[in-house]
Amino acid sequence: MKICVIGTGYVGLVGAAIFADWGNTVVGVDKDQIKIDKIKIGEIPIYEPGLSEIVLKNINEGRLSFTTSLSEGIREAEVVFICVGTPQSDSGAADLSSVWEVAKEIGKNLNSYKVVVVKSTVPVGTNERVKRIIQDNLTSNYDFDVASNPEFLREGSSVEDMRDPDRNVIGSDSQKALEILRSIYVHLNKPIVECDLRSAEMIKYASNAFLAAKISFINEMAQVCERAGADVSVVAKGMGLDKRIGSYFLNAGIGYGGSCFPKDVAALYKTSSDQDYNFNMVRGIMEVNKLQKEYFLEKVTKFFGKNLTGKTFAVLGLAFKNNTDDIRDSVAIEIVKILRGLGATLNVYDPQAMYNSKKVLGEVSIKYCLDKYETLEQADALFVLTEWKEFASLDLEKVKLTLREPVIFDGRNLLDWRKVEEHGFTYFAVGKRTNGIEKIERKKLYPTAILGNDNNH
Ligand code: UGA
């Protein structure tokens, strides 16, 4: 199959590379010349495990090429995937200007029958409008069909997710388009959901909102567990073994972030409001997510006070999740900014997101460290904010010896709390009644009894 992929962000670049790896001839299009020049020589602009090898292999084997010219990119294509960004606009809705622009250009440059597939995450009705825009801009009499093929790739494991999906969803009102799309995915032997355009568009939002709901549910359970003396990780394990519930996306933490959940949940809420429906649960998902970060920070200010001037904190993790260098809507970054705003100095480290973080955090009161242990030097507490595996295996003895005070705020429940407490740390996690919580509570009753007369504590 001859395929054109427009947009070389996470979805487009992974899509183009894997379509090519499946034996298709693929042209990737992006208007960013510098980006395209870099990709052509195998310099991938994002950190995504396994991706650069596949891109290079397929370029070298002649199945994958890149261009900045949309007309050149779609010339030979039978299927054109639109994979441009749909960021959140001020109203909460998805900003679809890039999708409209691309649809216009496709219309102007259509030179044979093509299936135009929207892979970007777009609200209900978008595909129909794409069809109208292409139609309105046609300069030829060629026929075309529009289809929706939402993606379900997670950053950090998108190569694996695309190669081994739980399902593919293809929506169209054209049987011919469905047949062509089916032929791209059928070799995977995975379920293919064929449906109408609007249902395909909705499946994507419903899936992301449901996953976000699982996270917000367990985050709210964490608040109850912490107060009631239960351990949310154990509760999640016990729940997750029930096949009807499933164990995924039940890790309590500092709230979900990233370029998808926050924007897609807000967009679904906007869609429901536009349809005169008040989607109470979706509103709740967003509210809980915002509060989760605040509850976490409350522990810090209850322990150290609200004025953090003179305090230095070690921060492990800046990316919005592990295995990525992406910091878009990263809760870790927001927490760093808030702590800095309260007067603290931060020694930060992330295995992949240092470059991106520097761009948004700058240099004021931030020290960028070369490894996880360097952050601990002269630090009054350690914060774990992203669920990178390498943070779970910290040498606790070394951490204790290097920190000024043995205090840990674990926003991802990454450490084994019994071990941490046995090593003599004051430990705060999420949804566990650890010794840190008990210290705060004792402090309420006997303000000077726990840590001597240091009023700052
Ligand atoms: C998400 C979906 O998982 C993908 O299926 C979807 O294709 C993608 O959005 C998209 O719409 O493009 P992604 O944003 O890459 O993928 O990351 P997730 O792994 O879903 O994590 C999102 C956030 O939730 C992260 O901040 C993560 O740390 C947090 N999270 C995840 C939790 O706090 N707890 C969990 O149990 C799981």
Side-chain angles (χ1 to χ4, degrees), residues 7 9-15 46-49 83-88 94 119-123 149-162 164-169 201 203-222 232-233 235-237 239-240 245-268 285-286 288-290 292-293 296 317-335 350 353 384-389 391 410-414 429-431:
Y10 277 95
V11 178
L13 193 52
V14 174
I46 47 174
Y47 172 77
E48 192 60 36
C83 299
V84 294
T86 53
Q88 191 173 342
K119 224 181 203 327
S120 307
T121 300
V122 293
N149 176 215
E151 54 82 22
F152 303 99
L153 312 178
R154 291 162 301 171
E155 285 181 25
S157 55
S158 55
V159 168
E160 184 191 319
D161 287 350
M162 181 141 177
D164 187 23
D166 290 337
R167 80 308 206 179
N168 279 294
V169 173
E201 290 167 333
I203 287 170
K204 167 69 190 206
Y205 282 100
S207 302
N208 270 5
F210 192 80
L211 291 169
K214 281 187 94 172
I215 299 171
S216 277
F217 178 84
I218 205 67
N219 279 341
E220 211 160 26
M221 274 310 303
V232 76
S233 304
V235 172
K237 189 174 176 198
M239 288 166 62
I245 297 171
S247 57
Y248 295 103
F249 283 68
L250 284 181
N251 295 320
I254 48 179
Y256 60 76
S259 68
C260 304
F261 283 178
K263 116 179 136 57
D264 293 351
V265 176
L268 179 59
I285 296 168
M286 295 189 284
V288 171
N289 199 54
K290 194 166 152 262
Q292 195 65 9
K293 174 183 62 213
F296 180 74
L318 297 164
F320 83 94
K321 62 181 248 187
N322 60 332
N323 289 333
T324 182
D325 62 355
D326 197 344
I327 54 157
R328 285 177 291 172
D329 264 330
S330 164
V331 184
I333 293 278
E334 285 174 48
I335 288 175
D350 186 284
V384 180
L385 299 182
T386 307
E387 65 271 43
W388 285 95
K389 255 195 195 147
F391 300 155
D410 181 356
R412 299 291 194 162
N413 289 344
L414 213 58
V430 180

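First listed ligand is number 1; within each ligand, the first listed atom is number 1.
Taking distance alone, with nitrogen or oxygen atoms compared against 3.5 Å, Gly257 approaches ligand 1 more closely than that limit. Not a single N or O atom of Arg154, backbone or side chain, sits closer than 3.5 Å to an N or O atom of ligand 1. Checked by distance only, ligand 1 and Leu211 stay at 3.5 Å or farther apart across all their nitrogen or oxygen atoms.
The residue among Asn251, Val430, Leu153 with a heavy atom at the shortest distance from atom 6 (C) of ligand 1 is Leu153. For atom 24 (O) of ligand 1, the nearest non-hydrogen atom from the set Phe320, Tyr256, Tyr205 belongs to Tyr256.
Within 6.0 Å of the OH atom in Tyr47, the count of heavy atoms belonging to other residues, nucleotides or ligands exceeds 12. Environment of CD in Glu387: crowded, with over 12 heavy atoms of neighbouring residues, nucleotides or ligands closer than 6.0 Å.
Of all the atoms in ligand 1, the ones that sit under 4.0 Å from a non-hydrogen atom of Lys204 are 6 (C), 7 (O), 10 (C), 11 (O), 12 (O). Taking every non-hydrogen atom of Asp264 and a distance limit under 4.0 Å, the qualifying atoms of ligand 1 come out as 11 (O). Atoms of ligand 1 lying under 4.0 Å from any heavy atom of Glu387, numbered from 1 in the order shown and given with element: 27 (C), 28 (O). Of all atoms in ligand 1, numbered sequentially from 1 with element shown, those under 4.0 Å from a heavy atom of Glu155 are 15 (O). Near Glu151, with a cut-off below 4.0 Å to any heavy atom, the atoms of ligand 1 are 7 (O), 10 (C), 11 (O), 12 (O).
Note on ring orientation: taking the six-membered ring where Trp is involved, the planes of Phe261 and Tyr256 are perpendicular (angle over 60°, cut-offs 30° and 60°).
At least one heavy atom of Arg412 sits closer than 4.0 Å to an atom of ligand 1. Contact annotation: Gly253 has no heavy atom less than 4.0 Å from any atom of ligand 1. Using a non-hydrogen distance threshold of 4.0 Å, Gly258 does not register as a contact of ligand 1.
For Tyr10, no heavy-atom contact with ligand 1 is shorter than 4.0 Å.
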